[in-house]
Every structure is written in structure tokens, then in C-alpha cells.
Amino acid sequence: MSGTGFRPDAVRTVKHRLRLAAAWAADYAYVARWQVQGFLRRQDPSGYVHPDPGAGRRGAIVLIPGVYEDWQLLRPLAEALAARGHPVHAVKTLGYNRGRIDEMARRVEHYLAAEDLDGAVIVAHSKGGLIGKHVLLGAEGHRIRRMVAVNAPFSGSPYARYFLVPSIRAFSPRNELLRGLQASREANARITSIYAAFDPHIPGGSRLDGARNLQLESMGHFRPLGDAELHQLVVHEVEAGDA
């Protein structure tokens with residue numbers, strides 16, 4: 001059928017690009033809705049620290065959101081984990097997480113020490129995974145049993161170098177602090193990296209050498225946070241080997 005001008009490969013390519021574009025649009029619609037909802041309907045995270053006693057008593061969770069996110073974007077995960085009996089902690093001093101990775105890690109470390117948490121699990125999104133790894137490698141890392149990171153740019157993002165804002169340029173693969181985290185692999189065995197089939201922000205993916213790597217069927221950088229598939233995986237990984 002070459003004489004008709006019909007090119008199946010070209011049609012498939014167009015369909016694929018349209019599918020990715022639709023996933024990108026849905027991703028931004030999801031995060032915009034949650035950010036507006038979080039701004040208009042502020043919720044005190046302390047309610048998750050003391051879950052329903054009927055759910056049993058399990059290990060503590062520490063939430064670390066991504067850049068320009070506060071803890072409320074992770075509320076679907078907080079609710080899924082609290083329903084299992086996990087005390088879920090949000091580090092409110094992170095704010096919208098615009099500071100340097102090492103600075104944000106120090107705020108998490110201060111919270112861990114102040115709350116005297118031990119054997120906790122970090123559940124992080126995006127930049128939160130880099131902060132979490134910094135914590136695992138730091139002075140308070142002994143308080144953390146493991147980390148479950150969702151769509152974390154462990155190898156950076158090539159798009160970051162096009163931004164003038166320091167909080168985004170920090171994700172450039174050339175960033176010195178990021179390269180230092182990459183080179184420090186001793187904590188990777190305590191990390192589960194869960195990532196979307198397509199992440200418009202991290203085209204290189206979130207696979208981390210030496211970690212447990214799990215790929216979702218869903219697409220997007222933010223939208224998977226509300227996906228039941230992700231909730232089940234996170235609960236499973238958090239409770240794996242849980243005493």
C-alpha cells in the first residue's frame with residue numbers, strides 16, 4: 001500500500017504523541033486542582049500522627065514533597081498509610097520546598113531528632129527523594145529504615161538547565177550536589193524507586209542503581225500520586241520487612 005501514501009508507522013507515532021500530550025495535560029490539571037484545594041482548604045497534618053487505634057500500630061512515616069509542593073499534595077498517600085495504622089508525619093518547616101536540597105534535608109533531620117523517631121520510613125515525591133537520600137546519608141540516617149520515592153530525579157533532568165530559577169536548576173545533571181548524591185551509593189539498597197511509565201519532567205526516568213525499582217502503568221509526574229496502584233505499591237514497600 002506504499003503507493004497510497006498510507007504510513008502505519010507515522011500514524012502510530014502521531015497517536016503516541018497525542019497520548020503523551022494528553023497525559024501531560026492531565027498531569028498539570030491534577031496538580032493544579034490539588035494545589036488550589038490545598039491552599040483553600042488547609043489541613044493540619046497532626047491528624048495523621050495518631051491514626052485510628054483499630055487499624056493497629058505500625059511504623060512511622062515521614063512525608064517529603066517535591067519542589068513547590070507542600071505536604072498536602074501527598075495527602076492521598078497519607079490517608080492510605082494512616083488507614084493501615086501508620087503514624088504519618090509532615091515536616092511543616094519545609095514549606096513549599098524551595099530551598100537547597102541540603103538545607104531542606106537539615107530541616108527533616110531536625111524534625112526526626114525533635115520527634116525522636118526511630119525505624120521510620122520516608123515516603124517522598126520528586127525532589128523529596130533527593131532530600132530523603134541526603135537524610136539517609138546524614139547524621140540522622142540511622143533513624144530511617146528505608147525510603148520509598150515516587151518519580152524522583154535521581155539522575156537529574158535535562159530540562160533543568162533551561163531554567164533561571166535556582167530551585168529548578170538544581171536538578172541539572174551537572175549540579176555538583178546532585179552529582180555527589182549520585183556518587184554516594186551506599187544508601188541505595190534502602191531505597192525503593194517507583195516511577196511512571198512516562199514522566200514529562202524526568203525524561204530519563206527514575207531508575208536508581210542498587211535500589212528496588214518499580215515502574216507504574218500510569219503516566220505523569222504528579223497524577224500517579226492519586227492512583228490506587230501507587231498507593232498499594234507504597235503500602236507494600238513500606239511494610240516489607242516491617243517488624
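Hydrogens, waters and symmetry mates are skipped; everything else that's a heavy atom, side chains included, is used.
- Annotation: Arg179, atom CZ; neighbour count of heavy atoms from other residues, nucleotides and ligands within 6.0 Å does not exceed 12.
- Following chains of ILVMFWY side-chain contacts shorter than 4.5 Å, one cannot reach Val49 starting from Ile144, and the two form parts of different hydrophobic clusters.
- Scanning all heavy atoms of the two residues, the minimum distance from Ala152 to Gly129 falls at CB-CA, 4.0 Å.
- Every residue two or more places apart in sequence or in another chain that forms a side-chain contact (heavy atoms from CB on, under 4.5 Å) with Ser46 is listed here: Asp44.
- Between Asn97 and Ile131 the shortest side-chain heavy-atom distance falls below 4.5 Å.
- The shortest non-hydrogen separation linking Lys92 to Pro45 is CD-CG, 3.7 Å.
- Here Glu229 pairs with nothing under the salt bridge (Lys or Arg N to Asp or Glu O under 4.0 Å) rule; sequence neighbours left out.
- The pair Asp116-Arg143 meets the salt-bridge criterion, since a charged nitrogen lies less than 4.0 angstrom from a carboxylate oxygen.
- When hydrophobic clusters are built by joining Ile, Leu, Val, Met, Phe, Trp and Tyr residues whose side-chain heavy atoms come closer than 4.5 Å, directly or via intermediates, Leu233 is not grouped with Ile202.
- In this structure, Lys133 contributes its side chain and Ser184 its backbone to a donor-acceptor pair below 3.5 Å.
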| request: Go through the steps to decide whether Leu225 and Leu77 satisfy the test side-chain contact (heavy atoms from CB on, under 4.5 Å), and finish with yes or no. | output: CA-CA 7 Å; Leu225 293 173; Leu77 281 169; 4.0 Å; yes
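- With hydrogens and angles disregarded, no donor-acceptor distance shorter than 3.5 Å links the side chain of Arg58 to the backbone of Val238.
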| Tyr68 vs Ile168, side-chain contact (heavy atoms from CB on, under 4.5 Å): CA-CA, chis, key distance, verdict | CA-CA 10 Å; Tyr68 296 122; Ile168 302 298; 3.8 Å; yes
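- Looking only at atom types and distance, the side chain of Thr192 has a donor-acceptor partner in the side chain of Arg146 under 3.5 Å away.
- Under the 3.5 Å distance criterion, the side-chain polar atoms of Asn188 are left unmatched by any main-chain donor or acceptor of Leu208.
- Listed by chain and number, the residues in a side-chain contact (heavy atoms from CB on, under 4.5 Å) with Pro173 amount to none (sequence neighbours excluded).
- Enclosure of atom CD in Glu176 is not indicated, since only 12 or fewer non-hydrogen atoms of other residues, nucleotides or ligands lie within 6.0 angstrom.
- Under the 3.5 Å distance criterion, with hydrogens and angles disregarded, no donor-acceptor pair is assigned to the side chains of His201 and Ser157.
- When all heavy atoms are compared, the tightest approach of Leu178 to Pro153 is CD1-O, 3.9 Å.
- The closest donor-acceptor contact from the side chain of His89 to the backbone of Val62 lies at 3.5 Å or more, if one exists at all.
- Ala187 is linked by a side-chain contact (heavy atoms from CB on, under 4.5 Å) to Leu136, Leu137, counting only residues two or more places apart in sequence or in another chain.
- At least one donor-acceptor pair closer than 3.5 Å links the side chain of Arg161 to the backbone N or O of Pro158.
- Here the closest heavy-atom approach between residue Ala139 and residue His142 is recorded as O-CD2, 3.2 Å.
- Counting heavy atoms of neighbouring residues, nucleotides and ligands inside a 6.0 Å radius, atom NE2 of His236 does not exceed 12 of them.
- Put simply, the side chain of Asp70 does not reach to within 4.5 Å of the side chain of Leu94, judged on heavy atoms.
- To the nearest 0.5 Å, atom OG1 of residue Thr93 and atom OH of residue Tyr111 are 9.0 Å apart.
- No side-chain N or O of His231 forms a donor-acceptor pair with one of Glu79 less than 3.5 Å apart.
- Here the closest non-hydrogen pair linking Phe154 and Gln182 is O-CG, 3.2 Å.
- In terms of heavy atoms, Pro200 sits closest to Tyr159 at O-CE1, 3.1 Å.
- Using modelled atom types, one finds a donor on one side chain and an acceptor on the other under 3.5 Å when comparing Glu69 with His125.
- Among residues two or more places apart in sequence or in another chain, the ring-ring contact (aromatic ring centres under 6.0 Å, His included) test is passed with Phe171 by none.
- Between the side chain of Ser218 and the backbone N or O of Pro224, no donor-acceptor pair lies under 3.5 Å.
- Hydrophobic cluster membership differs between Tyr195 and Val67, with clusters built from Ile, Leu, Val, Met, Phe, Trp and Tyr side chains linked at under 4.5 angstrom.
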| said: What verdict does the side-chain contact (heavy atoms from CB on, under 4.5 Å) test give for Ser193 and Asn213, after you've listed the backbone C-alpha separation in whole Å, the side-chain angles of each residue and the deciding distance to 0.1 Å? | reply: CA-CA 5 Å; Ser193 180; Asn213 294 283; 3.6 Å; yes
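- With sequence neighbours excluded, the residues satisfying side-chain contact (heavy atoms from CB on, under 4.5 Å) with Asp102 are Arg100, Arg106, His134, Leu177.
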